[in-house]
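Remember, predicted model here, so these are calculated numbers, not experimental data. Positions are given from 1 along the sequence.
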Amino acid sequence: MVVTLSGELGSGKTTMVRGMLQGLGWIGPVKSPSYTSVEHYTVSSLYFYHFDFYRFGEPDEWERTGFSEYFRADSICVIEWPERIAGLLSTVDLAVRLEHADAGRTLTLQSQTLNGSACLATFDTSHL
């Protein structure tokens, strides 16, 4: 599963990831990968990778880091600032956009695959 998170600085992307991990049963801290580019969490038999490409400056950084190896069938890859690696991802299942609004945030979800549609079908809006 590949999920992209777009939005301005401070729009709530890392908070969204924290909620996703808590929903999967993670009880530890969730750090922003702003300086490390990736944080890894093992939840049950899933590998959850939280990427932040804000600091990517050159297109070839993707190849040098080897991050493409993280995108496997047994992983969930959530990407902040996907615009920085545009064209390098083969498939995005779910695109999420967070925007500042008068009373909080606006959340836009767009499925781009059958897996993304299945994920949206189970999305719980009762906490929004």
Residues 66-73, side-chain donor-acceptor partners within the protein, below 3.5 Å, at least two apart:
{"from": "R72", "atom 1": "NE", "to": "D74", "atom 2": "OD1", "distance (Å)": "2.9"}
{"from": "R72", "atom 1": "NH2", "to": "D74", "atom 2": "OD1", "distance (Å)": "3.2"}

CG of L120 to CG of N115, rounded to nearest 0.5 Å, is 11.5 Å
Nearest heavy-atom approach of L24 to V43 is O-CG1, 3.2 Å
Indicate yes or no for a side-chain donor-acceptor contact from W81 to the backbone of E83 under 3.5 Å, with no hydrogens or angles considered. no
Rounding to 0.5 Å, atoms SG (C119) and CE (M1) come to a distance of 4.5 Å
I'd like to know if the side chain of T36 reaches the main chain of V38, judged simply by a donor and an acceptor atom lying under 3.5 Å from each other, with no hydrogens or angles considered. yes
Any side-chain heavy atom of Y54 within less than 4.5 Å of one from L9? yes
Using every non-hydrogen atom in the two residues, find where P82 and S6 come nearest and quote the distance to one decimal. CG-OG, 3.5 Å
So do the side chains of Y49 and V2 get within less than 4.5 Å of each other, counting heavy atoms only? no
For the pair F48 and T42, evaluate side chain to side chain contact (heavy atoms under 4.5 Å, CB included) and give the outcome as yes or no after the intermediate values. CA-CA 6 Å; F48 189 107; T42 303; over 6 Å; no
I need the H50 NE2 to I79 CD1 distance, nearest 0.5 Å. 10.0 Å
Spacing of L94 atom CG and L5 atom CG [to the nearest 0.5 Å]: 8.5 Å
With side chain to side chain contact (heavy atoms under 4.5 Å, CB included) as the criterion, how do V96 and V3 come out once you've worked through the C-alpha distance, each side chain's angles and the decisive distance to 0.1 Å? CA-CA 7 Å; V96 178; V3 179; 3.9 Å; yes
Residue pairs, two or more places apart or on separate chains, that pass side-chain hydrogen bond (donor to acceptor under 3.5 Å, both in side chains) and touch residues 94-107: none
The side chain to side chain contact (heavy atoms under 4.5 Å, CB included) partners of Q112 (sequence neighbours excluded) come to V92, A95, Q110
Value for OG1 (T4) from CD1 (I85), rounded to nearest 0.5 Å, stands at 9.0 Å
Among residues at least two apart in sequence or on other chains, which ones pass salt bridge (charged side-chain N to carboxylate O under 4.0 Å, His left out) with R64? E58, D60
Salt bridge (Lys or Arg N to Asp or Glu O under 4.0 Å) partners of residues 31-54, not counting sequence neighbours, each pair once: K31-E39
Examine distances only and state if a side-chain atom of S37 and a backbone atom of P33 form a donor-acceptor pair shorter than 3.5 Å. no
For T65 versus F56, what's the shortest heavy-atom pair and its separation? CG2-CZ, 3.9 Å
With no hydrogens and no angle check, is any side-chain donor or acceptor of R55 less than 3.5 Å from a backbone partner on S34? yes
Checking L114 now: which residues fulfil side chain to side chain contact (heavy atoms under 4.5 Å, CB included) with it, not counting sequence neighbours? none
Taking the six-membered ring for Trp, are F53 and F51 ring centroids under 6.0 Å apart? yes
Rounded to the nearest 0.5 Å, what separation is found between the OH atom of Y47 and the CD1 atom of I76? 12.5 Å
Checking the side chain of K13 only, and the main-chain atoms of L98 only, is there a donor and an acceptor separated by less than 3.5 Å? no
